[in-house]
Structure formats: C-alpha cells, structure tokens
Amino acid sequence: MADDETIVAVATAPGRGGIAIVRISGSAVTNISKKLLGKVPSPRLAELFSFRDVSGQPIDQGLALFFPGPHSFTGEDVLELHGHGGPVIIDLLVTTIIKLGARSARAGEFSERAYLNNKMDLTQAEAVADLIDAGSEAAARSAFRSLQGVFSEKIHKLVEALVKLRMHVEAAIDFPEEEVDFLADKTITKQAAAIVADLGEVLAQAQQGQLLHDGMTLALVGPPNVGKSSLLNYLTGSDTAITSEIPGTTRDVIRENINIDGLPVHIMDTAGLRTTADTIEQEGMLRAKDAMLQADRILLIMDDRSEGEQRKKELKKALLHLPETNNKHCQYALIWNKIDLTGKDPAREHKLGHEEIYLSAKTGQGIDVLKDYLKQAMHFQEAGEGTFMARRRHLLALEQALNHVTQGIEQLTSNKAGELLAEELRLAQIALSQITGEFTSDDLLGEIFSSFCIGK
C-alpha cells in the first residue's frame, strides 16, 4: 500500500485553457470534499459544485467526480475537480486543498500509488507515461497495448514456464535417491530450449517497442555548403535551418524530431567541418563531434558535383573528422547530395563498411531511399497489432534472462550440474520479475516514476 498522505496536483497541461482538472487522492479526500464542496459527491457521478476556500468564500464553479477506493485509478479515494482553466483560479484551488490537508504530489505519484496498490504492474504504469509522450500513431497504439497488459501477459507466461521447469529440476535435486535420473530426462532440455526460443521472440518484439519509445538519433555532418541544412529542412518539411551559400552558416547543433513510418527520428544538424580561425565556428565543430558520439547513425553528406581526385581528397578530409572508435555511434552512411545538378539517378550502393546513397535535398529525389536505409539500419518494422511499447531496461532484463537460461542449459548438458541450472533459472525469473515490478528496488521505482508528468 502507498503512504497515508493525501496528494493533489493539476492533471491538465500548464497554461491557460477553458477547463483544468485538479486531482486529489488519499485518505483525507472525503474530509477535504466536505469542506471544499459542502458534501461528498455521489460515486462516479458528475455534479456541479461551487468550490470554496477555507473561509467559505467561492473560488470557482465546476464539476466534481468522486471515485471511492479501491475502485479508482490509484486504488484510494480520488476526487477530480473540473474547473475553469485560468492559472490564478487553479493556483487558488490547489492552495486551498493543501490548506485542507493535502500536499503537492511528486511527479508520477498517482501512477506510483496505482502500482503500489496493485491496480497495475510496472510495465502498465510506464505505458501511461509512454501513451502521453507518444510521438506517432504507431507509438500511441503500442503504448495502449502495453497499458492493456499485452507485454505483461507475455512476461507472466515466461515466468510460469520458468517456475514449472524449476520445480522439475529442484525436485530431481531434492530426491537424488530415486532410481530414475530426472536430470537426464530430455524433457528438461526441451523445455529449457522452448523457453530460450520464447525469450528470443519476446526480446525481438521488445526491441521494436524500444525503437518506438526511444527512436534513433541521427547526426548530419559534412563540409560547409554540402546541403546538411537543406536535408534537415526537407525531412522536417519546414525551414528549420537557415540555408546559404556562405560557408559556416550553421554554428550550433540544430535538433528536430520527425517520424518515419512510426519510427521516431531525432535529427541533429551540425556545423560544417573545416579548418577555420573563427572561434565560434570552432566551438560549433566541437559540438558537432559531440553530436556524432551521441548518434545511432551518422550521415556524412558530400557534394556530388566534385569529381576525380578532388572528390577523393574532399572525402578523405571529411572522414578524418569522424570519431576514431569502433562502437555503434560511429556507423555512418555516405550521402552524395545535389544529384539534381549532376543528373544522376537516386541510388543506394553497399561499400565496405558503409552505405552510399545518392539524393537531392532540394528536389527530394532519393529521400525515400534514405528513409528505407534508416529503417533497415535500425532493424525497424512497422508496428503491427501485436507490437507493444518497451524501454531499455526491459531489453536489459530480457537479455539477462536469456543469458541465464542459456548458461543453465550449458551447465546441465556439459557438466550434469543440476544445481547450477536451478540457480540460473532462479536468476532468470528474478530478471523477468523486474520488468513487471514483482521484484524490484525502491531506487528503480524512484527513477521510473520521477520521469512522469506531475498529476499522473
């Protein structure tokens, strides 16, 4: 159960609007309601009330909805007040409620109480925030499936399979005097192999869900005047960045978000890479290098009009600016821009260690080729009916569980070590339970719910 303190927060977005909703949850809701409204409203029935301050003076007039616990979002008594959306009015209302015995809610505290009171598991609670933050229709639908329990159900089935196998293995260990060697039974290895296969399938689905949640980060880099800002403007569909023939127009990193068939893409347009004495431009190039280290993919953009030795020289010079490391952040594609001026057709070519794409940021030729490449690079598939939202911590837990079961099978088949298999299965179960919150730490809960909206 959550603590006994009653909490209050504005559940609608900050600012001025026609209506604002104030939400109250906790044991003092009925007492606050009597003082604020004059009585406790009928359960789950919208009624018109005057909202009064501690001295009995009217503050506002609006609708009140009372949800008695445990049949409420948080599992506690909940009161929602629907008033006029003026900031001064709402501040007066919240201040009055605090004087009457509530305190301001922390970020995500309503959802946290719903989780602590067993109204939803941890993946469903996270799905609430994901649904609010969804940047595309595909992300919203996937978050709603998680909220409905699609992801949780898959995890529960995996845990049930692990528990069943653990019972078999641990029974064999506990009764070694039996004539039948249960650990030699191929049923155990078959069941374990089936769990590995199921874990792999859920992990693949979660990877797609994590892409819907986090998306990919893209850095546009290259020498001045090759069309980086023009490509950003075409992808975003607006004049986000200033374009000019004057070198060094872009000095800082410009960030924009788009989505490609449901895949969120966070684009960073960077300063042109060249040798310069301009200190501001030098700072811009330092920030460009930081952007490259943050990116999942780098698009190195070059001018297709250069030819022969000049082309090789310019490319070699540009490649020197890429970070010298083999991690994922330095995977890049070479973009030959301005094919509208060279007369070439849009194309994609696979070269050793990278892809080369021919396009025009001015006319849009080859942009579809680029988009297909970005989806393939991230192994992204358009969200289907079974897609659910997932986060990085979910992937790590699934990977841990998969590793533990795989190690357990190896210990059994190679060393006949039933005890080690049982331990690996136990650790796999703990890893999966962290996803739904059946086994988790207070620190993890604090980190998760602190990222939620106030009032949710």
Side-chain angles (χ1 to χ4, degrees), residues 13-15 107 126-144 146 206-222 227-243 249-271 284 287-301 328-329 331-333 335 337 357 359 361-362 364 366-383 387-395 451-453 456:
E126 289 171 311
V128 173
D130 294 337
L131 188 58
I132 294 169
D133 294 335
S136 67
E137 180 181 342
R141 291 184 182 277
S142 296
F144 185 65
S146 289
Q207 287 169 338
Q208 293 301 307
Q210 191 250 343
L211 281 175
L212 283 173
H213 181 269
D214 295 337
M216 75 176 297
T217 303
L218 197 62
L220 309 183
V221 303
K228 299 184 296 297
S229 297
S230 295
L231 181 57
L232 173 69
N233 289 345
Y234 195 95
L235 289 171
T236 59
S238 62
D239 292 331
T240 301
I242 298 173
T243 57
T249 303
T250 302
R251 300 293 186 95
D252 205 345
V253 177
I254 300 174
R255 293 174 169 84
E256 281 292 331
N257 298 320
I258 65 170
N259 82 79
I260 301 174
D261 298 330
L263 171 65
V265 181
H266 314 293
I267 308 175
M268 297 182 289
D269 180 24
T270 65
R287 296 187 181 191
K289 291 180 179 179
D290 287 339
M292 285 187 266
L293 289 171
Q294 296 171 26
D296 295 302
R297 279 293 186 284
I298 296 170
L299 298 186
L300 177 57
I301 303 168
K328 67 170 186 175
H329 296 299
Q331 298 185 54
Y332 74 96
I335 309 298
N337 187 27
I357 297 171
L359 56 77
K362 182 177 181 180
I367 294 296
D368 286 342
V369 177
L370 173 61
K371 290 180 177 180
D372 287 341
Y373 159 72
L374 294 176
K375 289 189 293 183
Q376 291 174 19
M378 297 301 291
H379 306 288
F380 179 76
Q381 300 172 1
E382 293 185 38
T387 307
F388 51 81
M389 192 69 81
R391 300 186 175 202
R392 183 60 193 161
R393 77 171 192 89
H394 302 151
L395 266 63
S451 65
F452 280 39
C453 302
K456 206 62 182 110

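Along the sequence shown, residues carry numbers from 1.
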field: Non-neighbouring partners of N257 that pass side-chain hydrogen bond (donor to acceptor under 3.5 Å, both in side chains), sequence neighbours left out
entry: H266

- prompt: What are the two closest heavy atoms between Y234 and A361, and how far apart are they?
  reply: CD1-O, 3.5 Å

query: Residues in side-chain hydrogen bond (donor to acceptor under 3.5 Å, both in side chains) with Y373, at least two apart?
result: R297

- line: Sorted by chain and residue number, the ring-ring contact (aromatic ring centres under 6.0 Å, His included) partners of H394 (sequence neighbours excluded) come out as F151

- line: Output for pair (D269 CG, I301 CD1), nearest 0.5 Å, gives 7.5 Å

task: Quick one: pull up CZ in R391 and CD in E126 and give me the separation to the nearest 0.5 Å.
output: 4.5 Å

- request: Would you give the length of the straight line joining atom CD1 of I335 to atom CG of L299, rounded to the nearest 0.5 angstrom?
  value: 5.0 Å

message: If we check side chain to side chain contact (heavy atoms under 4.5 Å, CB included) with L231, which of these qualifies: T236, I367, N337?
response: I367

- request: Compare every heavy atom of P264 with every heavy atom of L212, then report the nearest pair and how far apart it is.
  value: O-CG, 3.4 Å

- line: Here the pair of heavy atoms bringing L235 nearest to I258 is O-CG2, 3.6 Å

query: Short question: side chain of T217, backbone of D296 - any donor-acceptor pair under 3.5 Å?
result: no

- prompt: Do you know which two heavy atoms are closest between F380 and D261, and how far apart they sit?
  reply: CE2-O, 3.5 Å

message: Run the side-chain hydrogen bond (donor to acceptor under 3.5 Å, both in side chains) test against Q210 and tell me which residues pass, sequence neighbours left out.
response: D214

- prompt: Rounded to the nearest 0.5 Å, what separation is found between the NE2 atom of H213 and the CZ atom of R392?
  reply: 13.0 Å

- prompt: Is there a donor-acceptor pair under 3.5 Å between the side chain of Q208 and the backbone N or O of A390?
  reply: no

Partner set under side-chain contact (heavy atoms from CB on, under 4.5 Å) for A143, not counting sequence neighbours: D130, L131, M389

- request: Could you tell me which residues satisfy side-chain contact (heavy atoms from CB on, under 4.5 Å) with D372, sequence neighbours excluded, listed by chain and number?
  value: K375, Q376

- prompt: To the nearest 0.5 Å, how far apart are CG in L300 and CD1 in I357?
  reply: 12.0 Å

statement: Nearest heavy-atom approach of L218 to A295 is C-CB, 4.4 Å

field: Distance in Å, M378 CE paired with I260 CD1, rounded so as to fall on 0.5 Å steps
entry: 11.0 Å

Closest non-hydrogen atom pair between L220 and T270, with its separation: O-OG1, 2.6 Å

